[in-house]
Amino acid sequence: MSELAILGGSKTRTEPYPEWPVWDERDVQAVTEVVRSGRWGGYPYPGPQTAKLAKEFAEMQGGGYAVPMINGTVTMEVALRAAGVGWGDEVLVPAYTFQATASAPMAAGAIPVIVDVDPNTYCLDPKAAQKAITPKTKAIIPVHLGSNMADMDAIMELAEKHNLIVIEDCAHAHGAKWRGKGAGTIGHFGSFSLQSSKTLTSGEGGILLCKTPELAAKAASVIDCGRPHALGGGPEDPNGLSVMGANYRLSELQAALALVGIERFPAQAKQREEMAAYMDEALSEIKGVRVMKHDERHTTRSFYRYIFAVDPKEFGVEHNVLCAALDAEGVGCWTGYEAMHNYELFQPQKSMLAVPNAFPEYFEFEKMSYPEATRACEHEAVWLDEAVFRAGPMGVDDAVSAIRKIQKNAEELNEAAQELRKKYE
Ligand SMILES: Cc1ncc(COP(=O)(O)O)c(C=O)c1O
C-alpha cells in the first residue's frame with residue numbers, strides 16, 4: 001500500500017487546521033448592539049461604526065485617510081475615479097493577480113495594460129512596467145501578493161517620473177510594512193478587501209486608504225451616490241464637491257465586525273509572521289523548493305497565503321500534482337491564480353463590456369507573453385493556506401513532513417498522475 005494519502009495511505013495531518021474566520025462573544029455582542037441600535041445601514045455616510053473603523057484602520061495601517069466601502073474591488077475603481085483616471089486611460093496591472101485588479105480599471109472606463117512579474121516575489125516587475133509606459137498611462141496598480149510586497153521604491157520612482165497615480169492593491173497585505181511604512185500608505189491609495197478569506201474580515205467589505213483628505217472626500221462622494229463630502233471623508237460639505245457616484249457604502253453591521261477583527265489582528269499577525277519564518281527555514285532545506293525572496297525593505301511581513309515555488313524537475317513533481325497530494329495529506333493549498341492573459345472573461349466578444357469592445361487592440365491575449373507569470377501559474381507556485389500558520393509549530397511541521405513525504409514518493413505519484421490523465425483524455 002502507498003504511503004501517500006492521495007493513493008490510499010494515511011494522512012500526515014489528521015487534525016483539521018483551525019477554521020477562519022475566528023470569532024467569539026465580542027463579535028456577537030458588537031453585531032447585537034448594532035442590531036439593537038436600529039442604525040444598520042451606511043446612510044447617512046459614514047455611520048458611527050464606519051467612522052470608527054476608518055479611524056482605527058488608518059491607525060492600524062499607519063497613515064492615510066480611510067474610506068470604508070463594500071469590497072476590495074470597487075475600492076480600486078473608486079480610487080481611479082477619485083483621481084480622475086477614466087475613459088481610454090491606460091492602467092498598468094500585474095500579470096499575476098486576482099481578476100479584480102484588472103476588472104476595476106475597466107469599471108472606471110480605463111484600459112488595464114498587463115505587465116509581467118518579478119520571479120523573486122511574483123509581484124509587479126517595475127522594469128516591465130517602465131517598458132509598458134506610454135503617454136496614455138495614468139496609473140499603476142502594484143499588487144502585494146500572498147505574503148510579498150512589490151518593490152515600492154522603484155514603483156514610486158517610476159510614478160513620480162511619469163506622473164502616475166499609484167494604487168497599492170493590499171487585498172493580501174493588511175499589516176504589512178515597507179521600510180516601516182504601512183502597505184497602502186506609500187502610493188496615492190491603498191485598496192484593502194475585508195472579504196471572508198482575508199486576514200481582516202467583516203464577511204464582505206473593503207477599505208480605501210487615501211493619501212490626502214481631498215482624495216478621501218472625493219472617494220466618499222463616489223461611494224455615496226455622488227453626495228458632496230467634507231475633506232477627510234466626513235459628513236456633507238456645504239461648499240459642494242460632487243461627482244457621479246453609486247451606493248457602495250459599507251453597512252454598520254459589517255463595520256462592527258471589522259472593528260472586533262482589528263482588536264485581534266496584532267496577535268494573529270505576530271503568530272503568522274513567526275511561524276512563516278520557521279517555515280522559510282524548513283522549506284529552504286528541501287531540494288527543488290524555492291522560498292520567495294525576502295527583501296530587507298519589506299520590514300513587516302503579513303501572510304494572506306504563504307507562497308513558495310517548486311522547480312518541477314528538481315523537486316520531482318509539478319506544482320498541481322504536489323497541491324493535490326498535499327490537500328489529501330490534510331494540508332490546504334492551491335496552485336494560485338491563472339496568468340491574467342488567460343482570463344477569457346476580458347475578451348471583447350465574450351465580455352460585452354464597454355472597454356474591451358471599444359479598445360479591442362489591447363485585448364489580443366494570444367499575442368501577449370508573460371513568461372514569469374506563466375511559469376508561476378503553470379508550473380511553480382504553491383500557495384499554502386494561512387491556517388497552517390495559526391496551528392503553531394506543529395502545524396508547520398506537519399505541512400513540511402507532508403511535502404517531504406510527497407517528494408520521497410514522487411515517482412509513484414507521477415505514474416499515478418499519468419494514469420489519471422490517460423483516463424480523462
Ligand atoms: C489581489 C486581490 N485584489 C482584489 C480582490 C478583491 O477583493 P473583494 O473580493 O473584496 O472584492 C481580491 C480578493 O478577493 C484579491 O485577492
Side-chain angles (χ1 to χ4, degrees), residues 20-21 42 53 57 61 66-81 91-108 110 112 114-115 117-118 121-124 139-150 152 155 166-176 183-184 187 189-209 219 222-223 246-251 254-255 257-258 261 292 302-307 333-340 342-343 345-346 373 376-377 381 383-386:
W20 186 260
L53 174 62
F57 186 78
Q61 209 57 28
V67 184
M69 56 190 81
I70 55 170
N71 60 50
T73 303
V74 295
T75 38
M76 292 183 274
E77 175 196 340
V78 169
L80 290 165
R81 291 174 58 185
V91 178
L92 305 181
V93 301
Y96 195 35
T97 179
F98 186 54
Q99 53 83 15
T101 318
S103 68
M106 286 196 271
I114 305 167
V115 299
V117 294
D118 177 341
T121 59
Y122 290 160
C123 295
L124 185 142
I140 178 165
I141 312 187
V143 178
H144 303 313
L145 195 79
S147 50
N148 276 314
M149 282 187 79
M152 287 310 294
I155 288 166
V166 179
I167 302 163
E168 297 173 67
D169 184 345
C170 303
H172 302 178
H174 311 72
F189 297 97
S191 162
F192 293 81
S193 166
L194 305 180
Q195 175 264 343
S196 48
S197 70
K198 302 303 188 299
T199 54
L200 177 66
T201 181
S202 51
E204 301 290 353
I207 298 180
L208 183 65
L209 275 186
V222 174
I223 66 154
N247 175 9
Y248 293 159
R249 297 181 301 262
L250 190 71
S251 82
Q254 289 163 308
L257 279 174
M292 292 282 105
S302 65
F303 291 84
Y304 168 61
R305 295 287 182 267
Y306 180 99
I307 304 179
C333 70
W334 185 43
T335 51
Y337 305 124
E338 280 192 52
M340 191 52 73
N342 287 345
Y343 280 81
L345 73 163
F346 299 143
C377 300
W383 295 46
L384 286 178
D385 280 2
E386 167 275 343

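Values reported hereafter were calculated over all heavy atoms of this structure, with side chains retained and with hydrogens, waters and symmetry mates removed. Atoms within each ligand, like the ligands themselves, are counted from 1 in listed order. As the structure is a prediction and not an experimental result, all values here were calculated from the model.
- Against a heavy-atom cut-off of under 4.0 Å, Tyr337 is close to the following atoms of ligand 1: 16 (O).
- In terms of heavy-atom proximity, Phe303 sits nearest to Thr199 at O-CG2, 3.4 Å.
- Heavy atoms only, all atoms of each residue included: Met69 and Leu208 are closest at CE-CB, 3.6 Å.
- Atom 12 (C) of ligand 1 has Phe98 CD2, 3.5 Å as its closest protein atom, hydrogens excluded (heavy atom only).
- In the vicinity of Asn71, heavy-atom distances shorter than 4.0 Å reach the ligand 1 atoms 10 (O), 11 (O).
- Between the side chains of Ser197 and Tyr304, at least one donor-acceptor pair of N or O atoms lies under 3.5 Å.
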Practice problem: Please test Gln254 against Ile70 for side chain to side chain contact (heavy atoms under 4.5 Å, CB included), starting from the C-alpha separation and ending with a verdict. | Solution: CA-CA 9 Å; Gln254 289 163 308; Ile70 55 170; 5.7 Å; no
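- Using a 4.0 angstrom heavy-atom cutoff, Glu204 does not count as in contact with ligand 1.
- Remark: minimum distance from atom 11 (O) of ligand 1 to any protein heavy atom is reached at Thr73 OG1, 2.5 Å.
- The closest protein non-hydrogen atom to atom 16 (O) of ligand 1 is His172 NE2, 2.8 Å.
- Where the criterion is an N or O separation shorter than 3.5 Å, residue side chain and backbone included, Asp169 meets it with respect to ligand 1.
- Near Thr97, meaning under 4.0 Å from any of its heavy atoms, are these atoms of ligand 1: 1 (C).
- Residue Ala171 holds the heavy atom nearest to atom 2 (C) of ligand 1 of all those in Ser191, Ala171, Ser193.
- In terms of heavy-atom proximity, Ser302 sits nearest to Ala173 at OG-CA, 3.5 Å.
- Note that OH of Tyr122 and CG of Leu145 are 10.0 Å apart. Values are rounded to the nearest 0.5 Å.
- An N or O contact shorter than 3.5 Å links Gly72 to ligand 1 by distance.
- Taking only nitrogen or oxygen atoms, main chain and side chain alike, Gln195 does not reach within less than 3.5 Å of ligand 1.
- Checked options Asp169, Thr101, Asp118; the residue passing with Pro94 is Thr101 (criterion: side chain to side chain contact (heavy atoms under 4.5 Å, CB included)).
- To the nearest 0.5 Å, atom CZ of residue Phe98 and atom CD of residue Glu338 are 12.0 Å apart.
- Distance from atom 14 (O) of ligand 1 to its nearest protein heavy atom, with residue and atom name: Lys198 NZ, 2.8 Å.
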